[in-house]
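Not measured: the values here are computed from a predicted model.
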Amino acid sequence: MNLYDLFVKPYESYDFLQIMLETSGAIFGTLSVYFSIKKNIWVYPTGIISTLIYVYILFNFGLLGDCLINVYYTIMSVYGWILWAKNSEDHIHVDVTWATKKEWFYASILFVLSLALVTLIYYYKPYIDNKFSMEGTNLGLYHLDWANWMDVFTTSIFLVGMWFMAKQRIENWIFWIIGDFICIPMMIFKGLGITSVQYLVFTIMAILGYLSWKKSFKEKKSTIKS
């Protein structure tokens with residue numbers, strides 16, 4: 001299979017609105033990651049626009065886990081927006097730190113609960129796809145392909161990453177790097193070429209974000225000591 005089949009051919013069957021929505025979601029998502037690297041509160045308004053667009057797109061493409069996480073992103077973006085505004089001296093930028101052992105414990109619980117919740121949602125996917133009717137519906141996980149299972153896993157990774165980001169913890173970038181990288185082939189498989197390229201960009205930006213936040217913490221720590 002060549003690049004044309006992977007990235008262009010699927011869009012031949014999409015309407016103009018679908019293409020524009022995916023492009024807009026990718027642009028605002030990239031802006032959100034850029035502002036996050038800069039520790040700028042604009043990460044949240046740009047992120048909210050992107051996540052709301054992707055709620056619609058991912059639901060239509062049957063990626064319920066990622067659809068759910070974008071609903072969660074929207075809620076957490078409001079929460080993070082409030083936290084960042086509260087903890088920012090100039091109401092734009094924030095200071096960052098490493099997570100505590102207690103926060104890692106909470107993150108582990110969140111990860112396990114997320115796995116269970118998204119798996120449960122996929123269990124009821126036949127019911128959802130059948131317009132919420134049990135008539136002729138067989139519940140179960142038999143219908144999941146490898147991309148769906150990866151969706152379950154990456155959703156849990158991203159939920160933890162989003163929570164750490166709202167808390168201004170450096171570790172959030174580790175979760176974004178892992179999740180973004182996994183999403184590249186998953187989105188290609190689902191025919192979302194623009195989004196797969198977005199996740200490639202996200203992976204690179206997440207690595208830069210991790211290095212930037214780590215450097216910022218070191219510099220602040222050195223300033224305090226001196």
Side-chain angles (χ1 to χ4, degrees), residues 17-18 20-33 35-36 41-85 106-133 139 141 143-145 147-167 169 172-173 175-176 178-180 182-184 186-187 190-192 194-196 198-199 202 206:
L17 177 60
Q18 162 67 33
M20 288 306 298
L21 279 174
E22 189 181 352
T23 302
S24 299
I27 290 172
F28 279 103
T30 303
L31 282 173
S32 179
V33 177
F35 285 125
S36 180
I41 202 168
W42 274 93
V43 56
Y44 290 111
T46 52
I48 288 173
I49 295 174
S50 178
T51 54
L52 288 176
I53 291 173
Y54 273 105
V55 166
Y56 173 79
I57 293 175
L58 293 167
F59 181 81
N60 286 338
F61 274 77
L63 291 172
L64 298 183
D66 270 345
C67 176
L68 174 68
I69 196 175
N70 277 277
V71 173
Y72 172 84
Y73 280 168
T74 305
I75 297 170
M76 282 299 294
S77 289
V78 175
Y79 172 68
W81 199 344
I82 294 171
L83 274 186
W84 280 39
Y106 288 144
S108 300
I109 294 176
L110 177 59
F111 182 80
V112 173
L113 290 177
S114 300
L115 283 176
L117 177 60
V118 181
T119 301
L120 182 64
I121 290 173
Y122 268 116
Y123 179 85
Y124 282 97
K125 186 177 184 293
Y127 167 70
I128 297 171
D129 290 344
N130 200 33
K131 298 180 179 179
F132 299 96
S133 172
L139 301 180
L141 301 174
H143 52 86
L144 270 65
D145 55 32
N148 294 137
W149 283 115
M150 286 296 96
D151 185 37
V152 173
F153 184 63
T154 55
T155 296
S156 303
I157 290 174
F158 287 143
L159 287 174
V160 177
M162 189 70 179
W163 184 71
F164 271 139
M165 189 177 79
K167 290 285 190 179
R169 300 299 181 252
N172 86 88
W173 292 110
F175 289 88
W176 294 120
I178 297 172
D180 290 339
I182 294 174
C183 279
I184 297 171
M186 185 175 77
M187 291 303 169
K190 284 296 181 179
L192 293 169
I194 294 174
T195 303
S196 71
Q198 177 195 25
Y199 275 112
F202 280 178

Minimum heavy-atom separation for [X] and [Y], please, with both atom names.
{"X": "Gly80", "Y": "Ala166", "result": "CA-CB, 4.0 Å"}
{"X": "Ser32", "Y": "Gly47", "result": "OG-CA, 3.5 Å"}
{"X": "Val43", "Y": "Phe35", "result": "N-CB, 3.4 Å"}
{"X": "His143", "Y": "Asn148", "result": "O-OD1, 4.1 Å"}
{"X": "Met162", "Y": "Ser77", "result": "CE-OG, 3.3 Å"}
{"X": "Leu110", "Y": "Leu159", "result": "CD2-O, 3.8 Å"}

[X] side chain near [Y] side chain, heavy-atom distance below 4.5 Å:
{"X": "Trp176", "Y": "Val33", "value": "no"}
{"X": "Trp173", "Y": "Ser36", "value": "yes"}
{"X": "Leu141", "Y": "Lys125", "value": "no"}
{"X": "Val55", "Y": "Leu58", "value": "no"}
{"X": "Trp163", "Y": "Tyr106", "value": "yes"}
{"X": "Thr30", "Y": "Thr46", "value": "no"}

To the nearest 0.5 Å, what is the distance between [atom1] on [X] and [atom2] on [Y]?
{"X": "Asp180", "Y": "Phe202", "atom1": "CG", "atom2": "CZ", "value": "6.5 Å"}
{"X": "Glu22", "Y": "Ile27", "atom1": "CD", "atom2": "CD1", "value": "11.0 Å"}
{"X": "Tyr122", "Y": "Thr155", "atom1": "OH", "atom2": "OG1", "value": "7.0 Å"}
{"X": "Ile157", "Y": "Thr154", "atom1": "CD1", "atom2": "OG1", "value": "6.5 Å"}
{"X": "Asn172", "Y": "Lys167", "atom1": "CG", "atom2": "NZ", "value": "13.5 Å"}
{"X": "Ile75", "Y": "Asn70", "atom1": "CD1", "atom2": "CG", "value": "11.5 Å"}

Which label fits [X] and [Y]: parallel for a plane angle under 30°, tilted from 30 to 60°, or perpendicular past 60°?
{"X": "Phe158", "Y": "Tyr199", "result": "parallel"}
{"X": "Trp84", "Y": "Tyr44", "result": "perpendicular"}
{"X": "Phe111", "Y": "Phe153", "result": "perpendicular"}

Notebook entry, point to check: Run the side-chain contact (heavy atoms from CB on, under 4.5 Å) check on Trp42 and Leu31 step by step: do they pass?
Noted result: CA-CA 9 Å; Trp42 274 93; Leu31 282 173; over 6 Å; no

Note to self: Exactly one of Thr119, Val112, Leu115 should register a side chain to side chain contact (heavy atoms under 4.5 Å, CB included) with Ser156. Which one does?
What the structure shows: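 That would be Leu115.
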
